[in-house]
Amino acid sequence: MLDLKFIRRQPEEVKEALRRRGYPENLVDELLAVDARWREKLTYLQELRSEHNRVSEEIARRKQAGDEAAELIAAMRDLSSRIEELAKEVGALERELQERLLEIPNIPHPSVPYGEDAEDNVEIRRWGEPRRFSFPPRPHWEIGEITGVLDFARGVKVAGTRFVFYRGLGAALERALINFMLDLHTREHGYEEVFPPFLVNRESMVGTGQLPKFAEDMFKVEGEDYYLIPTAEVPVTNLHREEILDGDRLPLKYVAYSACFRAEAGAAGRETRGLIRQHQFNKVELVKFCRPEQSEEELEKLVADAEEVLQRLGLPYRVVVLCTGDLGFAAAKTYDIEVWLPSYGAYKEISSCSNFGDFQARRANIRYRPHPKAKAAFVHTLNGSGLAVGRTVAAILENYQEEDGSVVIPPALRPYMGGVERIPAQAR
RNA sequence: GGAGAGAUGGCCGAGUGGACUAAGGCGCUCGACUCGAAAUCGAGUAGGCGGGCAAAACCCGCCUCGUGGGUUCGAAUCCCACUCUCUCCGCCA
């Protein structure tokens, strides 16, 4: 959420941001029109209330003195009903204002390149060389089938399309990756591990920006105020909702494993095969809370922490910065890390690292004191995948495959796999 | 799920319809005293919103005693619903 006062003062700047994102810019004028009406009525309402308070005190005074107050009470009856009516109007305007405010996206950071869609994202750097295969490499779903470590058919039977069973060494590989990533980030990168709830309430979803605008993207428990988290970003960022953090302890750095649940509405037909787009997947997520002046640097460090995972696993990747048109609703700046997938013959997103500025902090009311006596100010929040586990499995199966269908386990993972060095062609 | 108790400022805690403009204490900040500290004494200690005003300081006003409604001229206080916490019972990994 943007600062309403900022929108009032700099409407042109906000419109420009909307233009660059490809949003309709009249959102701003519409919001400001509601704001003007709200303030006008609110001022009047407050005047009436002030009058009401004065008369009320006068009545009390007279009653104490044993005097008559009947005519004042009669006048108050009228005043009270006018206040009640006006308060309803003000309340309605306030709700409308709030709704509109929640639907305005964040302002892109000045360093974000202009562009209309993903085509215009800008590559920043590459790491590693894609392997040259002496045989035609198989896509990971075929490898999963040959080795028996992925069971898509039974995932569909038991749950539905876009669900999968990991089996045997596949399940072990998934678990090994989670532990490997958590250990790396806690022991070497200084993050505190948290294990969050996988269901959260509506307020948390609003806090990080999934609601109210993107309700169709997620699963909700019927009849309850529970939403399945699309990412651990939601519970972990909301960990400090409605709190004032100790400025001396910033930045706070958390790493969380969670399952993630996405409805994938609008993705029908896309990437229906394999692990790339599932309704449920595992992810290790990095979340930071920091001072505003730290957030640009913290984003760079966060990306580096996520890249480290791929480097240790020996998986080639590149880093791109998202252009204004591809930037997520709440983000001010986002780097995607894309891993090389031989079956795609292309780099595919495996991590998305964003700086949200104070956008989420304002929604979720997460603040800190710059100085012990200073007024509380909004923190900046950041998060990024470190990494998406299912896509990492896909990348390992494809990049480490052998001609016979077997898969070599990256050396860094072997301690987490009980020393297993290879998934044999027929693992089951 | 059932029964009971409770929710008041950073914390504890008083408050059964009009002086609550929320007592008192603790903590914290500043000052006095002291060589310094402790003790003591004094003062100050919530947030949000609107306006003055373009902004800071400041001033005025409004709102907030778990949340939302209701009664009343007037609600921390009375009524209803909900949320959460605690105790006991039931169920459960």
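When reading the values below, keep in mind they use all heavy atoms of this one structure, side chains included, and skip hydrogens, waters and symmetry mates. The sequence lines fix the lettering, A, B, ..., with proteins before strands; numbering per chain opens at 1. Keep in mind that this is a model prediction, so the values were computed, not measured.
Summarising the base pairing, B:U29 is matched to B:A43 through a Watson-Crick or G-U wobble pair whose two defining distances lie under 3.5 Å. Under the Watson-Crick and G-U wobble criteria, each requiring two contacts below 3.5 Å, nucleotide B:C88 is paired to B:G2. Checking B:U34 for Watson-Crick or G-U wobble geometry (two distances, each under 3.5 Å) identifies no partner in any strand. Nucleotide B:C82 has B:G66 as its partner under the Watson-Crick or G-U criteria, with both atom distances under 3.5 Å. Pairing partner, B:A19: none, since no Watson-Crick or wobble contact has both distances short of 3.5 Å. In a base pair of the Watson-Crick type (N1 to N3 plus N6-O4 or O6-N4) or a G-U wobble (N1-O2 and O6-N3), with each distance short of 3.5 Å, B:G50 is matched with B:C60.
Between A:Arg9 and A:Lys63, the residue anchored closer to the 5' end of RNA chain B is A:Lys63, taking for each the nucleotide with the nearest heavy atom. Comparing A:Ile73 and A:Gln46 by the nucleotide of RNA chain B whose heavy atom lies nearest to each, the residue mapping closer to the 5' end is A:Gln46.
As a whole-Å value, the separation of A:Leu79 CG from B:C73 P is 13 Å.
A:Tyr416 and A:Phe180 have perpendicular rings, their planes meeting at more than 60° on a 0 to 90° scale where under 30° would count as parallel. Under the 30°/60° scheme for interplanar angles, the aromatic rings of A:His240 and A:Phe289 are found to stand perpendicular.
Separation of the C1' atoms belonging to B:G18 and B:A3 is 38 Å when rounded to the nearest angstrom. Comparing the C1' positions of B:U8 and B:G47 gives a spacing of 15 Å, expressed to the nearest Å. Taking atom P on both B:A5 and B:C59, the two are 46 Å apart, rounded to the nearest angstrom. Using C1' as the reference atom, B:U21 and B:C26 are 23 Å apart when rounded to the nearest Å.
One side chain, A:Ser343 or A:Glu398, offers a donor N or O that lies under 3.5 Å from an acceptor on the other. Checking A:Tyr227 against A:Asn201 by side-chain atom types alone, no donor-acceptor pair falls below 3.5 Å.
At the heavy-atom level, A:Ser56 lies under 4.0 Å from base atoms of the strands shown. Using a 4.0 Å heavy-atom distance criterion, A:Arg62 is classed as making no nucleic acid contact. A:Ile59 comes within contact range of at least one nucleobase, with a heavy-atom separation under 4.0 Å. Nucleic acid contact for A:Arg8: sugar-phosphate only, since backbone atoms but no base atoms lie under 4.0 Å from a heavy atom of the residue.
A salt bridge links A:Glu297 to A:Lys301: one of the charged nitrogens lies within less than 4.0 Å of a carboxylate oxygen.
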